[in-house]
Amino acid sequence: MSKYEMIAEEVTKRIFQEDPTLIERYGERGRNQTFIDNMHHLDYLKTAMELNTSKIFTDYALWLRGILIKHGMTTQTLIDNFLFLEEELEKCMMVESEISSAYIGLLGEAVSILRDVQGGEAQ
């Protein structure tokens, strides 16, 4: 299992521990998709860092938010996922320090934008 797979697995576990209704609603297939989604998050973080532009990741976050909402999720679900990913990157430090710091910065920017969008949602 690669470093990124271990991070994605830990984040997936945390998401389903924090909200046990997810397994009831989406089953094992949803859990597997969450792992795959977290691998995509890491891929987009890597690309944004390599190209030195946060817009790649923030645009991805906004696009993904739209997809998740169509599947009955909330913006908060994605925000929580990104926060768990930040925590795991900080905790694991399995990736190089400067990469981890860059990823955490990109995640923070995306969370900020998602919170702005969330603030405009009907409650």
Got a second to check how far E5's CD is from L42's CG, nearest 0.5 Å?
10.5 Å
Does the side chain to side chain contact (heavy atoms under 4.5 Å, CB included) test come out yes or no for I56 and L106, once each step is laid out?
CA-CA 10 Å; I56 289 171; L106 290 164; over 6 Å; no
Minimum side-chain heavy-atom gap Y26-Q33 below 4.5 Å:
no
Contact summary for E109 and S54, nearest pair of heavy atoms:
OE2-OG, 2.9 Å
Does CZ in F84 sit with more than 12 non-hydrogen atoms of other residues, nucleotides or ligands closer than 6.0 Å?
yes
Student check: side-chain heavy atoms of I79 and L83 closer than 4.5 Å
yes
If the threshold is 4.0 Å, N to carboxylate O, is there a salt bridge linking E88 and R14?
no
Would Y103 and K46 satisfy side chain to side chain contact (heavy atoms under 4.5 Å, CB included), going step by step from the backbone distance to the final call?
CA-CA 8 Å; Y103 287 7; K46 181 179 182 207; 3.2 Å; yes
Drop me the distance from S100's OG to K91's NZ, to the nearest 0.5 angstrom.
12.5 Å
Report the relative orientation of the aromatic rings in F82 and H41; use parallel for angles under 30°, tilted for 30 to 60°, perpendicular for over 60°.
perpendicular
I'd like to check R25 versus M73 (side-chain heavy atoms, cut-off strictly below 4.5 Å). Are they in contact?
yes
Before you tell me yes or no, could you show the steps for L89 and L107 under side chain to side chain contact (heavy atoms under 4.5 Å, CB included), namely the whole-Å CA-CA distance, both residues' side-chain angles and the distance that decides it to 0.1 Å?
CA-CA 11 Å; L89 285 164; L107 286 161; 3.8 Å; yes
Of D37, N81, T34, which is the lone residue that meets side-chain contact (heavy atoms from CB on, under 4.5 Å) with T12?
T34
Let me confirm one number: the CZ-OG1 distance from R65 to T74, rounded to the nearest 0.5 Å.
9.5 Å
Measure the OG1-CD distance between T77 and E18 for me, rounded to the nearest 0.5 Å.
12.0 Å
Mind checking whether L22 and I15 have side chains closer than 4.5 Å, heavy atoms only?
yes
Test side chain to side chain contact (heavy atoms under 4.5 Å, CB included) on E9 and F35 and set out the steps.
CA-CA 6 Å; E9 182 60 30; F35 172 81; 3.7 Å; yes
Does I69 reach the side chain of T75, with side-chain heavy atoms less than 4.5 Å apart?
yes
Grab the two heavy atoms, one from A61 and one from L78, that are nearest each other, plus how far apart they are.
O-CD2, 3.5 Å
Looking only at heavy atoms, what is the nearest atom pair of N38 and A8, with distance?
CB-CB, 3.8 Å
Do L62 and L114 have side chains that get closer than 4.5 Å, going by heavy atoms?
yes
Output for pair (I99 CD1, I104 CD1), nearest 0.5 Å, gives 12.0 Å
